[in-house]
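Comments concern the structure below.
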Amino acid sequence: MTVEQIPVTGRPGRRPAARPARTAPAERRRISMTGRRHRAFYLFTAPWTIGFLLLTVVPMAYALWLSFTTYDGISPNWRYVGLGNYGELFSDPQTWKSLGRTGLFAITSVPLSIIAGLGLAVLVNRPIKARGLFRTLLYLPAVVPPVGAGLTFKALFDQNSGAANGVLTLFGFDALGWLADPYARYVLLMSVLWAAGNVMIISLAGLQDVPRELHEAARIDGASAWRTFRSITVPLLSPVLLFQTVTGVIASVQTIMPLLLTPDGTTAGVTALPQSNYLYMMHVFSQYFALGRYGYASALLWVLFVLILIATGLIFRFTSGVVFYNVDPEAKK
Amino acid sequence: MHPRAGASLSRRRFLALSAAGAATGAASLNGCAMQVSSGVGGGGESVTVMAKPDDISPELIRQAQKDIGVKIVTVRYDITKLIGMMTNGAPPDLVRGVGATDAPYFAARDVMEDLDPYFARSRVLKAGDLDPVNDLWRYDGRTQGKGPRYGMAKDFSQDSMYWYNTALFDKAGVDHPPETEPVTYEEWLENAERLTRRKNGQTVVFGGSYQGVLTPNLLASLTASAGGSLFSDDFSRIDFTTPEARKALNWYVEYGRSRVGPSIVQPDPNAWDGPTYQAGRMAMSNSGYWLGGLINTDKKLAPLSRLAPAPLFAGGRRVSPCQAGTGFWMPKQARNKDAAWRVFEWFFGEGPARARASGGWGIPTLKSLRPLMPAQEDYQKRVLKVQNAELKHFSVIAFTPYASADSLYALFNQEAPAAMNGHMSVDALAGRLNSVMNEQLKRGKEQVG
């Protein structure tokens, strides 16, 4: 059998599926080409699809099932409780308190880190000496693993032996309990800003995509640097800023940094966190791992998932009028 | 036909040699087993042990291969990982555990192997040689300390005892505590306050650390010392409002409030007392005899350090329990039980056990190993004298099977900081603890059945 004789539809060696007699050969080729493309698409995307199904969909479905039970991982008599865990969740004061703190943390940390990252990006986008070195140095904290960052912050801000208090006492001030209320929230914010290099690198990529001629035109028209930034740079960066807002909000509600600042470094220590750092994920963690309530914690996670979906939808809805996509009109044709 | 060196290996000869080798191997393994062990062989097998890095070092793993011919594969101890492995039907063959709290919890859930038949056959670990502390690993379905053995402690301390640094006492002008008679908890706290040194809002020297192994069993021990019991008779409820439990709770909250030592409201960045005590920044450390393993290696610190009996409450009784009894247990679903038991025997009764005993890392859990406890130097003899006198007051304080110690600890951590920071009264805290902990115990009782 020559290559030309191999049936292009169906499996090799099988009889081709019956087709209407009036289908023209060109049409048949076009359809078979489309089929091949589809097959290639599914084959090439299969590793991701299988991974997504096994590592995301199945665990999520399993967590959903757990959320209807009292499963604790080891006890023999766990049972199905329907929506009982969800009912308890709504009457659990810690859920609402931790959710409120998480919202406040997201509202504070996301704009601050975007502003800090954008500011740094604007600085290192300028033609300055050793620009590459500054970019690297500013980006470095973002590649430090969170565990390393957490332990470093814990050591830096320890009341009795931390460097932060070392500096304060050097200048005659009294040492502060940085890792306790009310200062703990500021340490947490600092840890977010410390890793602003991540936002910086994306903003920098966006800044380099802003056409230089628009800036030159604005300068010829007599616009100030601030006006140029506000009226040209920011609108053109708006899709990047939207991306950073959405991913920032998702990351901030899932933040684990307070866990790494736990007072005694144990699983059960999470519940002794300063109140201001006891965020929603800390509550989930303590229910899962400290109290062994897999069912209830799964319900908490599912609620968080839905809340993230709602928050993302709201962000898209309220920013639709201020985000400008730079679409090439030719590409639409 | 006799094989000759250098002769080519024919198929027939290979089969003949294999058969002869197998027969000889089997006979010699049996012989070995009869000499040193309980009839269970472990030669050439692999055993998975879930432990902390300090429990089984790489040197010890190599030693096991050499001594008993068993390859030990370690998995880092993690309760979540353990539950995952058990759920998947592939648990480790041996698991690290804290006898005082883990034994009733896991035994009540029927996931532990009853080791009585193994102990009965063993020529290394004989029932008459087991220290009573190993009873922490027994559970009869109702009470800890009775019934089948599910594990064994690798060493132990009477964890309410404390070490003190005489140099720091002298510097602060505080009298040394007596070594034969206990001080009261009230006196201990008073001393800690006098020994604490602060500068610019920073604690330069902690007067004393008193945190126990885990807060829930520390509180159970304190309550026992005050003459009461933290749990109800059937362990299904906890009560912090009895006068004895209230006294214990009040003392511990006062300890936190006074900031004389590390606690959940003033954590030690070292996470445990050892390095802080060794650095001369802690005058008293409630770590039991076990800390001697660290102290003995420091030639400057060792002569300055003394061990003192467990305090007692004024009007209370002398109680000096072991709050941990850390050791190993075997899951019921373990795949390689016989080889695991061989490792168990070796770890608890042979080379590693002797090394631990002579290093001062806790009291040996076999009575026959007691003579190995360090007593060469005068200060070691002095410590040993105090320790031996304290053994008369040893007792087992049973723990509830309905909640893990970690979960009760988490609930305590959740509520106690408010009281330790002065935002809540001890009475209110006792009420809150009763409420949240009894809820957890109720859930546990339902699930255990």
Side-chain angles (χ1 to χ4, degrees), chain A residues 62 69-79 81 88 94 151 154-162 165-166 168-177 179-181 261-275 278 282-283 285-296, chain B residues 78-80 82-84 86-87 105-106 108-111 198-206 211 214-216 259 262-272 276 279 281 402-418 420-421 436 440 443-449:
Chain A
Y62 183 60
T69 70
T70 60
Y71 187 65
D72 70 353
I74 192 165
S75 298
N77 298 331
W78 56 276
R79 59 194 165 86
V81 287
E88 184 183 340
Q94 283 294 353
L151 294 176
K154 198 172 166 179
L156 274 176
F157 289 99
D158 179 73
Q159 181 166 2
N160 298 316
S161 57
N165 277 344
L168 282 182
T169 52
L170 193 69
F171 290 101
F173 296 103
D174 271 0
L176 298 176
L179 298 176
D181 284 325
L261 300 172
T262 50
D264 68 356
T266 64
T267 306
V270 66
T271 47
L273 275 171
Q275 285 294 295
Y278 193 78
M282 305 305 105
H283 190 45
F285 185 91
S286 71
Q287 295 295 324
Y288 251 120
F289 302 115
L291 301 186
R293 301 189 66 197
Y294 288 24
Y296 183 61
Chain B
D78 180 324
I79 182 69
T80 314
L82 173 65
I83 288 172
M86 287 203 290
T87 308
Y105 182 76
F106 287 112
R109 282 153 185 83
D110 200 26
V111 293
R198 294 195 175 90
K199 193 179 173 190
N200 293 335
Q202 288 179 295
T203 306
V204 183
V205 174
F206 288 116
Q211 301 190 86
L214 267 180
T215 314
R259 303 288 204 271
S263 69
I264 45 172
V265 291
Q266 183 181 240
D268 183 343
N270 292 312
W272 68 296
T276 317
R281 294 191 55 202
Y402 301 122
S404 67
D406 254 2
S407 67
L408 297 184
Y409 182 35
L411 293 169
F412 182 83
N413 285 345
Q414 182 182 299
E415 306 296 336
M420 287 183 173
N421 288 324
V436 293
Q440 182 77 0
R443 276 193 293 265
K445 192 167 187 329
E446 277 171 12
Q447 295 199 308
V448 170

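Just so it is clear: chains get the letters A, B, ... in the order the sequence lines come, proteins before strands, and each one is counted from 1. Since we're looking at a predicted model, the values are computed, not measured.
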For chain A, which of D406(B), I79(B), L408(B) has the most heavy-atom pairs under 4.5 Å?
D406(B)

Just by distance, do the side chain of N413(B) and the backbone of A268(A) share a donor-acceptor pair under 3.5 Å?
yes

What residue in L176(A), T169(A), L179(A) has the most heavy-atom pairs under 4.5 Å with chain B?
T169(A)

Heavy-atom distances under 4.5 Å only: say whether R443(B) touches chain A with side chain, backbone, both or neither.
side chain

Region of F206(B) in contact with chain A, defined by heavy-atom distances below 4.5 Å:
side chain

Is Y71(A) in contact with chain B via its backbone, its side chain, both, or neither, using a 4.5 Å heavy-atom distance?
both

Rounding to 0.5 Å, atoms CG (D268(B)) and CD (Q159(A)) come to a distance of 12.5 Å

Any donor-acceptor N/O pair, Q440(B) side chain to L291(A) backbone, under 3.5 Å
yes

Return the OG to OH distance between S75(A) and Y402(B), rounded to the nearest 0.5 Å.
11.5 Å

I'd like to check I74(A) versus Q447(B) (side-chain heavy atoms, cut-off strictly below 4.5 Å). Are they in contact?
no

Shortest non-hydrogen contact from S404(B) toward A290(A):
OG-O, 4.3 Å

Candidates D174(A), L168(A), L170(A) - the one meeting side-chain contact (heavy atoms from CB on, under 4.5 Å) with N200(B)
D174(A)

Chain B contact via Y294(A) - side chain, backbone, both or neither, heavy atoms under 4.5 Å:
side chain

What part of S286(A) is in contact with chain B, defined as an atom under 4.5 angstrom from a non-hydrogen atom: side chain, backbone, both or neither?
neither

Below 4.5 Å from any heavy atom of chain A, which atoms of T203(B) appear? Answer side chain, backbone, both or neither.
both

Test side chain to side chain contact (heavy atoms under 4.5 Å, CB included) applied to Y288(A) and T80(B), step by step
CA-CA 9 Å; Y288(A) 251 120; T80(B) 314; over 6 Å; no

Sub-3.5 Å donor-acceptor pair from the side chain of E446(B) to the main-chain atoms of N77(A), do we have one?
no

Which pair of non-hydrogen atoms, one from R109(B) and one from P76(A), has the smallest distance, and what is that distance?
CG-CD, 4.0 Å

With only heavy atoms counted, which part of Q266(B) is less than 4.5 Å from chain A, the side chain, the backbone, both or neither?
side chain

Does any heavy atom of chain A fall under 4.5 Å from the side chain of F412(B), the backbone, both, or neither of them?
neither

